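Side-chain atoms are counted along with the backbone in the values below, which use heavy atoms only and exclude waters and symmetry mates. The structure presented is a predicted model; accordingly, all values stated were derived computationally and were not measured.
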Amino acid sequence: MNIKDKNIEELKELSLQIRERILDTVSKNGGHLSSPIGAVELIVGMHFVFDSEKDPFIFDVSHQAYAHKLLSGRWDEFETLRQFKGISGYTKPKESKYDYFIAGHSSTSISLAVGAAKAIKLKNEDRLPVALIGDGSMSAGIVYEALNELGDKKYPVVIILNDNEMSISKPIGAISKYLSKKMAENAFQRFKKKTEKFLNHVPESAAYMARKFEDWLKLITPGMLFEELGIDYIGPIDGHNIEEIIDTLKIAKKFKGPVIIHAQTLKGKGYTKAEGHFENWHGVGPFDLKTGEPKKKKGTQDATTLFSKYLYELAQKKEDIVGVTAAMPSGTGLKKCMDAFPDRFWDVGIAEQHAVTSMAALAKEGFKPYISIYSTFLQRAYDQVIHDICIMGVPAVFAIDRAGIVGEDGETHQGLFDISYLRAIPNMTLFAPRDELSMKYSIDFAYDMHSPCAFRYPRGNFSDSSKFPAKPYKIGKSQLLKEGKDILFIGYGNGVGKACEVFEILKEELNPAILDLVFVKPIDIENLISLSKKYKKWYIFSDSVKSGGVESAILEVLTNKNITDIHLISFEYEDKFIEHGNTKIVEESLNLLPEQLAKKVVNDLNH
């Protein structure tokens, strides 16, 4: 969509239309809401001032990039947002040439912009990277690593800081805003450069006084941090005033080095119920636009709610329990404990590395930390898991939410890899609950562990394994739920319920034994050896990738014990990224629904 010939009033009207399109679609499909409708005018300004055909538009996290999708040829297609085979909720180069980079995790945009600027310089091209980053993403260390190099190398990059919580800084009255804008204008920049040259040739005392004056100017503006890093600063500006945005972006475009524009916006702008800092409007399911009420009520016994319930109960009894989450207090269920015990449970923002390492010290000091984190986000702290937790051997607990397919957020958020990347680490114990009671057992068992451990559980409800009541855990011991004939179903975590569902479909024609593996590390070698003498056909059920997963762990046992007569089939995920869509539809596309798995078992047995 070419908007460069539109006037300010037309751009304002376009912004309203974009916001209405986002609200209409998200109310039907679900998705991120408050961030994308709060960033509309900023993105309209980007498309008006810069050239989306050649300038890299880089969106941090990119859940706020809905307006960009609408302005880059996806207006009609937008109604398929987050649906299977529809457009992604994040930027995705496979989807559009206007999406420079995939971004589902936070704080990568400035590093990408630095890399793009280096490439542009090496290729001697006339292009300008433009990065849009939210203030929440500024809590991650990678941002400052990138800013540090950018300020040193002075690559031309425009960074738009979307401050929707005023958490970076607050303007100090009208003089701050006036001086900030004046400091960015060409006249001031020319004066600044001349002054720098002049200071190199004047007596030391005069130079000292002049520099003190410039320092004073910085101090009364909120851009002091960026200026000290060597990055020019403009702001704060009104992130909903399209005229002011365009004027500022035009100034920034003329800079020959890095510049950051601090824009203050309102999350949920244009939809009164979502305006402000309301976490429940960050990401939503389908809802009624008039009332704001969700169309589908959340289940009361989903795995996250169970974790929240039983951790809270244990924390009431055990004052040494502490906990942390990285910007996901509601999503992980930790908010209940944070509200009840604010001195023992913390949200550190988008800072997974810091979250893990800070808990390592608490564990060393005799506390029992529960690190509540999504599977996909724990990837961001892998070095800390190894270096600060497992080498030290401190008794920290990783409560890994969103394990398995998570649905509409797609490949950047699927929780597929945690078994594989954690199983390789010495000193780590891995186990998984399969229902409500075993969730309680997991939390209790983890408390009694004197070394690092992790347990995983799915988004939403557990698959149904209620026919076989869970039992308390013994380290490294599996639980045989039922005896059978010839065939063994091995389930891990939520996979146990899937094994039970397949059994229910096939019980008239087959009589498989069902094993709840419980622990994938240490794995129950003794029981697997025993079962290998009675059952020769094994089928594995686990919401994880095959490579390095449950099948790999079992094959290692069989190989090491020279057991060669077992026919082994795994229903774990193949070696590819899994795209977005409704979880059931995605599983159907992968032939992993219970009825499809039942057919696979029958077909395998008949060949």
Yes or no on side chain to side chain contact (heavy atoms under 4.5 Å, CB included) for Val520 and Arg423, after CA distance, side-chain angles and deciding distance?
-> CA-CA 8 Å; Val520 75; Arg423 199 169 68 84; 4.2 Å; yes
Got a salt bridge between Glu77 and Lys69, using NZ or NE/NH1/NH2 to carboxylate O under 4.0 Å?
-> no
Do His105 and Tyr90 have their ring centres less than 6.0 Å from each other?
-> no
For residues Thr305 and Asp302, is any side-chain donor paired with an opposing acceptor at under 3.5 Å?
-> yes
Are Phe541 and Val496 close enough that some pair of their side-chain heavy atoms sits under 4.5 Å apart?
-> no
Please tell me if the side chains of Leu311 and Leu334 come closer than 4.5 Å, counting only heavy atoms from C-beta onward.
-> yes
Flag the pair Leu422 / Ile425 as yes when at least one side-chain heavy-atom distance between them is below 4.5 Å, and no otherwise.
-> yes
salt_bridge(Lys94, Glu579) N-O dist < 4.0 Å = no
Charged N to carboxylate O under 4.0 angstrom, Asp565 versus Lys536?
-> yes
For the residue pair Phe455 and Phe431, does the interplanar ring angle fall in the parallel (under 30°), tilted (30 to 60°) or perpendicular (over 60°) class?
-> parallel
If the plane angle is over 60° it's perpendicular, under 30° parallel, otherwise tilted; pick one for Phe341 and Phe345.
-> tilted
For residues Phe519 and Phe445, establish whether the separation of their ring centroids is below 6.0 Å.
-> yes
Rounded distance (nearest 0.5 Å) linking atom CG of Asp543 with atom OG of Ser375 | 11.0 Å
Determine whether Phe307 and Ile443 make a side-chain contact, defined as any pair of heavy atoms from C-beta on separated by less than 4.5 Å.
-> yes
